[in-house]
Visitor: 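The structure is given below, and queries will be raised subsequently.
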Amino acid sequence: MHGTAYGARSSAGPSHGPGRAAWMDEVREEAAADFAQCVADLASGALDLPLPGGGRTADRFRALASVARRDLSLVRLVEGHADALAILAELGGPEAGPRERWGVWAAEPPGQGLTASRGDHGWVLDGLKRYCSGAHSCTRALVTATAEDGRRLFAVTTGAAPGAGPGAGRCRPVEGSWQALGMAASDSADVVFEDVPGVPVGGVEAYVDRPGFQHGGIGVAACWYGGARAVADLLGRTAARRGPDPLTDAHLGAVDMRLHAAAAVLARAAAEIDADPGDAGGTARRRSLRVRAFVESVCADVLTHVGRATGAEPLCHDPSHTRHATDLAVYVRQHHGERNLAELGRLVAGTDQR
């Protein structure tokens with residue numbers, strides 16, 4: 001990545017009161033502007049995010065980590081766009097335009113979701129999709145929906161697209177559906193779909209069955225790692241300012257060791273993906289579970305060590321650090337904790353028949 005600086009937001013924002021909605025609108029709009037600049041930089045080559053499995057996966061992970069170190073909410077948008085491009089390439093979807101901003105809206109928590117049915121003019125989508133990052137700024141999105149024959153992936157045009165027609169306009173964010181301060185600028189609102197046209201991408205279950213699903217999950221872990229580096233930056237500055245101090249130095253050493261290990265794990269994963277991008281060896285799922293679990297644990301350790309070393313002062317008076325720490329605590333919860341560890345254990349034990 002060259003030159004462009006992203007993520008200038010410095011305020012952690014109000015937690016309540018009439019100014020909260022205005023602040024969230026402001027940070028969302030700032031992130032959307034940075035997102036648009038990143039997409040332009042991708043088109044020009046100023047931001048380099050090679051497709052996974054093409055021999056430069058390590059460069060992809062490093063670029064994602066670099067953006068994340070600046071701004072985790074922004075990298076959530078950038079990673080979604082980059083993942084969408086990889087999915088379109090892998091599944092033979094429609095070609096993305098150079099100015100289109102894509103998201104991947106594939107979360108499927110319990111409760112109401114999206115359904116897909118065939119209308120007079122093709123597939124249409126209806127229902128509620130939750131956790132749609134870039135809900136107001138993505139012009140296109142890949143979304144999962146349940147059809148009569150199973151779960152499918154569709155490309156849709158959103159209401160944010162320039163000149164979007166009436167069909168796209170029925171794809172609308174639910175205002176106020178993201179209440180958290182953490183990752184507020186990622187604009188991860190719920191989105192209502194009403195008779196929205198969708199173009200199928202791949203077949204039934206193609207989204208999760210493809211090898212790139214596992215590769216993309218490690219890309220998200222690279223973003224977590226970049227966020228942990230941002231949180232750790234405060235501890236490095238604190239240690240330099242205080243001079244020799246056994247307790248601060250011990251915390252800094254522990255953080256450095258964990259971050260070094262996470263970087264090594266990501267580098268090895270990138271090399272393994274490039275060596276077997278199509279997962280002929282059947283190792284992609286186990287690799288993804290291992291890497292994501294390890295990096296998540298590193299992030300938790302970094303948050304703990306930095307917090308214990310620096311106390312409440314930076315969380316109360318350093319808006320930039322507060323934003324990094326709060327965003328990271330929310331972002332890593334994309335890892336499913338013990339459920340993912342249990343799946344990994346079954347794979348290791350050879351008892352998982354899925």
Side-chain angles (χ1 to χ4, degrees), residues 1 6-7 38 47-53 56-83 86 104 133 182-183 185-186 212-237 251-274 284 286-307 309 320-321 323-337 340-341 344:
M1 186 175 66
Y6 309 111
C38 284
L47 177 59
D48 187 21
L49 280 169
L51 292 176
R56 297 183 56 218
T57 303
D59 291 337
R60 179 183 181 89
F61 290 170
R62 279 192 291 267
L64 288 171
S66 179
V67 177
R69 193 172 182 177
R70 291 164 171 79
D71 190 322
L72 275 170
S73 287
L74 173 62
V75 85
R76 179 66 191 90
L77 301 174
V78 173
E79 184 277 327
H81 177 84
D83 191 36
V104 179
S133 296
M183 299 297 287
S186 71
F213 182 75
Q214 309 304 332
H215 308 338
I218 297 176
V220 173
C223 298
W224 300 341
Y225 164 73
R229 291 288 303 272
V231 173
D233 286 341
L234 172 73
L235 184 54
R237 294 193 299 270
H251 284 298
L252 183 57
V255 165
D256 178 76
M257 176 266 292
R258 284 162 172 78
L259 290 174
H260 179 78
V265 166
L266 287 165
R268 174 172 173 174
E272 291 177 351
I273 290 168
D274 287 337
R286 186 180 302 190
R287 179 189 307 116
S288 176
L289 288 167
R290 284 172 172 167
V291 174
R292 285 169 61 88
F294 181 74
V295 175
E296 185 271 343
S297 72
V298 168
C299 292
D301 287 345
V302 168
L303 286 167
T304 296
H305 279 287
V306 173
S320 178
H321 173 69
R323 176 170 52 82
H324 289 311
T326 305
D327 285 353
L328 183 60
V330 173
Y331 201 176
V332 295
R333 293 281 51 84
Q334 283 192 355
H335 185 259
H336 297 150
N340 283 159
L341 291 172
L344 176 59

Visitor: Show, in sequence, the C-alpha distance, side-chain angles and deciding distance for Leu344 and Arg286, and conclude whether the side chain to side chain contact (heavy atoms under 4.5 Å, CB included) test is met.
Guide: CA-CA 6 Å; Leu344 176 59; Arg286 186 180 302 190; 3.7 Å; yes
Visitor: Could I get the full list of salt bridge (charged side-chain N to carboxylate O under 4.0 Å, His left out) partners for Arg69, not counting sequence neighbours?
Guide: Asp233
Visitor: Return the CD1 to CG distance between Ile218 and Leu289, rounded to the nearest 0.5 Å.
Guide: 9.0 Å
Visitor: Are Val78 and Leu49 close enough that some pair of their side-chain heavy atoms sits under 4.5 Å apart?
Guide: yes
Visitor: Any side-chain hydrogen bond (donor to acceptor under 3.5 Å, both in side chains) involving residues 212-224? Give me the pairs, sequence neighbours left out, ordered by first then second residue.
Guide: Gln214-Arg285
Visitor: Let me confirm one number: the CZ-CG distance from Arg323 to Leu328, rounded to the nearest 0.5 Å.
Guide: 12.5 Å
Visitor: Are the side chain of Arg70 and the backbone of Ser66 linked by a donor-acceptor contact shorter than 3.5 Å?
Guide: yes
Visitor: Give every donor-acceptor pair under 3.5 Å between a side-chain atom in residues 291-301 and any protein atom, sequence neighbours left out.
Guide:
from: Arg292; atom 1: NH1; to: Gly217; atom 2: O; distance (Å): 3.0
from: Arg292; atom 1: NH2; to: Gln334; atom 2: O; distance (Å): 3.4
from: Glu296; atom 1: OE2; to: Arg333; atom 2: NH2; distance (Å): 3.2
from: Ser297; atom 1: OG; to: Phe294; atom 2: O; distance (Å): 2.6
from: Asp301; atom 1: OD2; to: Arg258; atom 2: NE; distance (Å): 2.8

Visitor: Do you know which of Arg60, Arg62, Arg56 makes salt bridge (charged side-chain N to carboxylate O under 4.0 Å, His left out) with Asp48?
Guide: Arg56
Visitor: I'd like to check the ring-ring contact (aromatic ring centres under 6.0 Å, His included) partners of His305; sequence neighbours left out, ordered by chain and number.
Guide: His251
Visitor: So do the side chains of Val75 and Tyr331 get within less than 4.5 Å of each other, counting heavy atoms only?
Guide: yes
Visitor: The criterion is side-chain hydrogen bond (donor to acceptor under 3.5 Å, both in side chains); which residues satisfy it with Thr57, sequence neighbours excluded?
Guide: Asp274
Visitor: Salt bridge check: are Asp327 and Arg76 linked by an N-O gap of less than 4.0 Å?
Guide: no
Visitor: Among all residues two or more places apart in sequence or in another chain, which pass the salt bridge (charged side-chain N to carboxylate O under 4.0 Å, His left out) test with Arg268?
Guide: Glu272
